[in-house]
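Report on the following structure.
Remember, it's a predicted structure, so these values are computed and weren't measured experimentally. Below, read A as the first sequence line, B as the second, and so on, with proteins coming before strands; counting in each chain starts at 1.
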2 protein chains.
Amino acid sequence: MTKRAPKSIVKRLPIYLRVLDGLISREVEIVSSRVLSEETGFTAEQIRKDFAYFGAFGTRGTGYNTEYLRSKLLRIIGLDRQTKLVVVGAGLLGKALTRYNMLKNPYVDVAGIFDANPAEAGSEIGSLKIRPMKDMPAVIKEQQVKVAMISVPAESAQQVVNDLVDNGITAILNFAPTKLKVPQNIHVHNADLTNELQSLIYYVIEDKEELRSNSK
Amino acid sequence: MTKRAPKSIVKRLPIYLRVLDGLISREVEIVSSRVLSEETGFTAEQIRKDFAYFGAFGTRGTGYNTEYLRSKLLRIIGLDRQTKLVVVGAGLLGKALTRYNMLKNPYVDVAGIFDANPAEAGSEIGSLKIRPMKDMPAVIKEQQVKVAMISVPAESAQQVVNDLVDNGITAILNFAPTKLKVPQNIHVHNADLTNELQSLIYYVIEDKEELRSNSK
DNA sequence: CATTGTGAACGGATTCACAGCC
DNA sequence: GGCTGTGAATCCGTTCACAATG
């Protein structure tokens with residue numbers, strides 16, 4: 001409810017968190033904004049402004065206590081409690097996302113993965129069974145899941161999202177290449193990998209010089 | 001070389017392209033900025049400014065010719081010729097990315113997928129064989145590939161990137177959860193799915209109201 | 001007369017410069 | 001002395017309002 005930080009800051013929070021996790025695992029206890037700057041690529045001033053936005057976490061003349069800063073960031077992002085999520089769409093991408101989060105993301109807990117194709121249902125990812133779509137509402141409601149990732153074909157994405165929202169999902173990470181319509185208070189992050197790749201291609205250097213030097 | 005459009009615009013170009021592809025397949029010949037606004041979620045003024053940045057493509061009083069606009073955008077992004085790319089890392093994510101692009105992305109051509117694990121080498125994605133890392137330099141050089149996607153563990157990502165750059169790659173889509181160091185003229189887009197998910201979680205609505213109304 | 005193209009106004013985010021503090 | 005915290009200045013992207021035009 002009191003959540004209203006600028007998007008630009010929110011985007012950077014998980015990056016700080018990752019760097020801090022690294023520092024802490026190497027038993028670094030204090031870190032300066034300049035070191036964080038080197039690790040993240042953001043400017044030191046920006047980093048200080050970001051932290052200061054949520055209150056002052058550092059000690060002048062010294063820096064930031066890594067453990068303390070981490071605990072603050074976890075609280076701010078909302079990762080201080082395990083977050084449950086469901087995955088809809090058990091194609092290769094859905095499976096990859098599910099397994100990755102089960103193994104590597106300690107902050108989340110995959111409550112279920114669902115697929116419209118009954119042939120997929122029953123096969124397993126780690127210890128998690130892929131379940132038919134009809135089981136989805138019960139899982140979301142019983143476990144009060146708020147977050148969903150969807151990796152279904154573009155054609156079915158809107159219908160899936162409608163169902164998710166009807167059952168109580170409020171935040172969606174969308175891998176389907178389509179614009180979703182949702183009520184105002186529901187958050188959608190688009191992670192369209194084709195768009196990412198295409199906008200990257202804009203920056204490709206064609207480099208005639210190099211071609212010339214090849215044929216030396 | 002003359003490529004210097006604002007990042008904010010470049011990010012939107014693939015989205016326009018996708019919408020245009022849809023309109024063209026439904027044989028729509030003319031489109032206004034207002035209709036594009038509905039389809040994309042961007043404002044009509046912004047869309048006009050974006051196109052105008054590259055020159056005037058529309059007709060006042062009428063709108064934009066869909067075919068013409070599409071051809072312009074393809075040229076601008078650099079998708080008017082097939083773009084070759086390599087994928088490094090043939091885990092579930094690498095396989096998913098490879099297969100998706102082979103099947104669904106007509107603008108690119110996967111020249112090869114490579115994995116450090118010899119056990120993976122030889123297995124196939126569609127008609128494409130996963131190859132050992134040592135074959136990577138030859139493929140990049142012979143086919144003059146400039147674009148790479150990497151989906152390897154964070155620990156090996158920097159080494160992989162160094163090799164890619166040494167062999168002529170200039171643009172990298174990075175799925176590994178780590179900050180990569182590259183020379184100034186090399187472009188890296190980070191597509192860290194954990195970051196996306198975590199920043200989404202910031203926006204989750206905890207909704208005490210709803211909990212209360214459940215227990216009616 | 002509907003719709004594009006664009007200078008001007010606005011707003012948000014970043015950078016600068018330095019005051020405050022350990 | 002070194003590093004954080006922050007008001008002021010700047011930069012960049014978006015929105016507004018309207019002139020231009022098929």
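Side-chain to base pairing of A/R60 with C/dG20: one donor and one acceptor N or O lie within less than 3.5 Å of each other. A donor N or O paired with an acceptor N or O is not found under 3.5 Å between the base of D/dG13 and the side-chain atoms of B/K7. A/R48 contributes a side-chain N or O that forms a donor-acceptor pair with the base of D/dG5 under 3.5 Å. The base of C/dT14 is not paired with the side chain of A/K49 by any donor and acceptor separated by under 3.5 Å.
Under 4.0 angstrom from either OP1 or OP2 of C/dT14 there lies no side-chain N or O belonging to A/T43.
Take the nearest nucleotide of DNA chain C for A/T62 and for B/S33: the residue whose nucleotide is more 5' is B/S33.
Partner of B/S33 under the side chain to side chain donor-acceptor pair (under 3.5 Å) criterion, chosen from B/R48, B/Q46, B/E45: B/R48.
In this structure, the CD atom of B/Q46 is 8 Å from the C1' atom of D/dG13, given to the nearest Å. Straight-line distance from the CD atom of B/E45 to the P atom of C/dC10: 16 Å, rounded to whole Å. One atom, CZ of A/R4, and another, C1' of C/dA13, lie 17 Å apart when rounded to the nearest Å. In this structure, CG of A/N65 is placed 15 Å from C1' of D/dT4, rounded to the nearest angstrom. As rounded to whole Å, 14 Å separates atom C1' of D/dT6 from atom CG of A/D50. Here D/dG1 presents its P atom at 17 Å from CZ of A/R34, a figure rounded to the nearest Å. For B/I9 and C/dT6, the CD1 to C1' distance is 13 Å, given to the nearest whole Å. The distance between atom OH of A/Y53 and atom P of C/dT14, rounded to the nearest whole Å, is 13 Å.
Side-chain contact check for B/R70 and B/N65: no donor-acceptor pair (N or O, by modelled atom type) lies under 3.5 Å.
Ring orientation note: the planes of B/Y203 and A/H189 are tilted relative to one another, at an angle of 30° to 60°.
Taking only side-chain atoms of B/Y64, from C-beta outward, the nucleotide of C/dA13, C/dG5, D/dT15 with the closest atom is C/dG5.
B/F51 comes within 4.0 angstrom of nothing in the nucleic acid, heavy atoms only.
Between A/D50 and A/Y16, the closest side-chain pair of non-hydrogen atoms falls below 4.5 Å.
A salt bridge links B/E38 and B/R34; the closest N-O separation between the charged side-chain nitrogens and carboxylate oxygens is under 4.0 Å.
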